[in-house]
Every structure is written in C-alpha cells, then in structure tokens.
Visitor: 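Sending over a structure as structure tokens; questions will come in a sec.
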Amino acid sequence: MSIVYIVSAPSGSGKSTLVNELFKMVRNLDFSISYTTRPPRGSEQNGKEYFFVSREEFKAMIDAKEFLEYAEVFGDEKVRGEYYGTARRFLHEAENRGNDLLLDIDVQGASKIKEKIPGAVSIFILPPDRENLEWRLRNRGEDSEEVIRRRLDTARREIENYSKYDYILVNRVVEQSADQLKDIVLAERLKKKSRAELSEEEERLIETAQACRLGKAREQVQPILDSFRWR
Ligand code: 5GP
C-alpha cells in the first residue's frame with residue numbers, strides 16, 4: 001500500500017521550493033499533479049505544476065467522478081474562487097508502481113483525503129510570521145494587490161486549522177526545512193521496521209521527525225498565529 005503524504009501551506013510559505021527539494025532527495029515518491037481552473041502563473045507549464053482546464057472541463061470531471069477530492073479555493077461572497085482537484089488516477093498509478101504519493105493541497109482537500117484515507121500523513125508548512133509571508137507574496141510579483149490581500153486573509157483562516165495535521169514545519173531556513181520534510185517522509189516509511197532493525201542514521205531521522213509532531217510544535221505555532229490575528 002502506498003503512503004499518501006499531504007502537504008498544505010498558506011500560499012507564499014515556500015511550499016513549492018520545499019517540495020521540489022524533497023523530490024531531489026527521496027526516491028519512489030510520486031507527485032499528484034492537480035487539475036485547476038486558474039490560469040498558469042509565471043513559468044508554469046500544463047502537465048508539470050498543474051493541468052490547467054476550463055470550468056466546463058473541470059465540471060465534466062466532477063460528474064465523471066474522476067476526483068478523489070476537489071475544492072473551490074480563494075472564493076468568498078464577492079469573488080468566485082478557482083477549482084482545484086486531485087485525480088484518482090494518480091493514486092492508482094503510484095500504487096501500481098509501488099511508489100508513495102505526495103499531494104500538495106489546501107486545508108479543505110486535506111480533511112477530505114483524511115476522511116477517505118485515514119492513514120494519510122499530513123504535514124502543515126507555516127511561514128515564520130505574517131510579515132514574512134506578506135513579503136514573500138509581494139516579492140514574487142505574480143499577484144495583484146487584491147489577490148495578495150485575499151491570500152493573506154485565506155492564510156489566516158488556514159493557519160487556524162493547523163491542529164488537524166500530523167506534523168508542523170515552520171519554514172525559517174529552506175535547507176533545514178527541506179531536510180526536516182525529508183526526515184518526516186522517511187521516518188513514516190520506517191514505521192514498517194522494528195526498533196532493533198533501525199540504523200543510527202534511521203534513529204536520528206526518526207527523532208527529527210518526532211520534533212515536528214503536532215504535540216511538540218504547539219508552542220512554536222502560537223506566536224505565528226498571534227502575528228496573523230492582531231492586525
Ligand atoms: P496556487 O494557486 O497557489 O498554486 O494554489 C492555491 C492553493 O490550492 C494551495 O493551497 C494549494 O495547495 C491548493 N491546491 C492545489 N491543488 C489542489 C487540489 O488538487 N485540491 C485542493 N483541495 N487544493 C489544491
């Protein structure tokens with residue numbers, strides 16, 4: 001059985017960089033390329049970061065039950081959101097190859113996957129604080145002022161859901177965070193082994209992963225939550 005890893009983070013937290021670094025370090029891991037109705041940003045290519053489809057195509061896929069989960073993201077009473085969805089076929093393909101699967105999806109998607117696949121391992125990546133997130137969103141220069149405002153607002157709401165995740169990773173230094181992410185992924189794979197079978201290196205990475213478990217991370221999260229609340 002494949003292990004399903006769910007990675008969520010507020011937009012601009014550096015998640016894509018961490019996930020890219022992870023894939024350089026870990027084998028037998030597939031990335032689930034989501035479908036979305038939002039237009040491509042920057043250098044994004046169809047079939048690489050996402051499959052970019054029209055609303056009509058997306059709705060036809062919903063009707064054909066092709067999604068394991070899907071959600072409307074960044075919408076509110078005034079603005080229509082964009083659809084994002086995880087295709088079932090990625091899980092089947094990973095299983096056939098004997099690989100694990102990583103989903104980069106939002107908080108709504110994560111809870112839907114957890115319902116369907118209770119053994120899925122969920123990881124929440126956090127920015128060090130609101131200022132840092134705002135800076136990163138502006139610095140990448142991809143979004144309009146209104147979109148940035150909406151993303152910051154969504155970030156606040158998403159961060160409030162951190163306690164639904166198994167692991168919390170605060171992205172302060174990219175290299176360190178990428179290593180932690182790798183250790184979480186590998187530590188979960190090691191659960192199949194008995195303690196006596198573990199090498200020293202394996203024990204070390206289990207310890208690093210343990211430090212990111214939700215129960216241990218709460219203290220780190222509080223000041224980050226506060227930086228989003230009091231504005
Ligand atoms: P972005 O537009 O910045 O690429 O992504 C916006 C949000 O949509 C991110 O939080 C991302 O994780 C989420 N997302 C991407 N693909 C999916 C998906 O297939 N399902 C769900 N529920 N969310 C997704």
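Side-chain atoms are counted along with the backbone in the values below, which use heavy atoms only and exclude waters and symmetry mates. Start at 1 and go down the list; that is how both ligands and their atoms are numbered.
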Visitor: What is the nearest protein non-hydrogen atom to atom 7 (C) of ligand 1, stated with its residue, atom name and distance?
Guide: V73 CG1, 4.0 Å
Visitor: Number the atoms of ligand 1 from 1 as they appear, then name those within less than 4.0 Å of a heavy atom of K15, with their elements.
Guide: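 The atoms of ligand 1 under 4.0 Å from a heavy atom of K15 are 9 (C), 10 (O), 11 (C), 12 (O).
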Visitor: With respect to atom 24 (C) of ligand 1, which of F67, Y83, Y84 exhibits the smallest heavy-atom separation?
Guide: Y84
Visitor: Specify the protein heavy atom at minimum distance from atom 20 (N) of ligand 1: its residue, its atom name, and the distance to 0.1 Å.
Guide: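 Among all protein heavy atoms, the one nearest atom 20 (N) of ligand 1 is E69 OE2, 2.7 Å.
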Visitor: Quick one: does ligand 1 sit under 4.0 Å from the side chain of R41, the backbone, both or neither, non-hydrogen atoms only?
Guide: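 Answer for R41: side chain.
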Visitor: With a 4.5 Å limit on heavy-atom distance, are the side chains of N171 and R136 in contact?
Guide: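 The answer is yes; the side chains approach within 4.5 Å.
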Visitor: Using a strict cut-off of 4.0 Å, indicate which atoms of ligand 1 neighbour a heavy atom of A71.
Guide: 22 (N)
Visitor: Name the closest protein heavy atom to atom 19 (O) of ligand 1, giving the residue it belongs to and the distance to 0.1 Å.
Guide: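 For atom 19 (O) of ligand 1, the nearest protein heavy atom comes out as S34 OG, 2.7 Å.
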Visitor: Would you call R172 and D129 a salt bridge, taking side-chain N to carboxylate O under 4.0 Å as the test?
Guide: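 Salt bridge absent between R172 and D129.
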Visitor: Using a strict cut-off of 4.0 Å, indicate which atoms of ligand 1 neighbour a heavy atom of S11.
Guide: 3 (O)
Visitor: Salt-bridge test for E200 and R204: reply yes if a basic N is under 4.0 Å from a carboxylate O, no otherwise.
Guide: no
Visitor: Quick test: of every protein heavy atom, which one is nearest to atom 23 (N) of ligand 1, and how far off is it to 0.1 Å?
Guide: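 Going by distance alone, atom 23 (N) of ligand 1 is nearest to D106 N, 3.1 Å.
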Visitor: Purely on distance, is any nitrogen or oxygen of G85 under 3.5 Å from one on ligand 1?
Guide: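 N/O-N/O distance under 3.5 Å: yes.
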Visitor: Hey, any chance Y50 and I105 share a hydrophobic cluster, counting ILVMFWY side chains that come within less than 4.5 Å of each other, even indirectly?
Guide: no
Visitor: Quick check on R151 - does any of its heavy atoms sit under 4.0 Å from an atom of ligand 1?
Guide: yes
Visitor: When you measure from atom 5 (O) of ligand 1 to each heavy atom in Y35, Y50, F51, which option holds the nearest one?
Guide: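 Looking at heavy atoms only, the winner is Y50.
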Visitor: Quick one: is the NZ or CZ of R213 closer than 6.0 Å to the six-membered ring centre of Y167, and within 45° of its axis?
Guide: yes
Visitor: Would you check, one step at a time, whether the test side-chain contact (heavy atoms from CB on, under 4.5 Å) holds for Y70 with Y35?
Guide: CA-CA 9 Å; Y70 68 91; Y35 284 76; over 6 Å; no
Visitor: Please determine, by modelled atom types, if S2 and D100 share a side-chain donor-acceptor pair under 3.5 angstrom.
Guide: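 No, D100 and S2 have no side-chain donor paired with an acceptor closer than 3.5 Å.
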Visitor: Near G109, which atoms of ligand 1 are under 4.0 Å from a heavy atom of that residue?
Guide: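 Answer, ordered by atom number: 22 (N).
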Visitor: Apply the test side-chain contact (heavy atoms from CB on, under 4.5 Å) to residues R41 and R140: give CA-CA distance (whole Å), side-chain angles for both, the deciding distance (0.1 Å), then the verdict.
Guide: CA-CA 11 Å; R41 264 199 318 250; R140 71 183 187 186; 3.9 Å; yes
Visitor: Output, in order, the C-alpha distance, side-chain angles, deciding distance and verdict of side-chain contact (heavy atoms from CB on, under 4.5 Å) for R157 and D153.
Guide: CA-CA 7 Å; R157 275 182 275 129; D153 219 44; 4.0 Å; yes
Visitor: If I apply the N/O under 3.5 Å rule, does Y70 come out as touching ligand 1?
Guide: no
Visitor: Looking only at non-hydrogen atoms, find the nearest pair between K216 and A211 and report the distance.
Guide: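 The pair with the smallest heavy-atom distance is CB-O, 3.6 Å.
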Visitor: Looking only at distances, please establish whether an N/O atom of ligand 1 is found under 3.5 Å from an N/O atom of E158.
Guide: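 No; every N/O pair is 3.5 Å or more apart.
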Visitor: With respect to R38, determine whether any N or O atom, backbone or side chain, lies less than 3.5 Å from an N or O atom of ligand 1.
Guide: yes
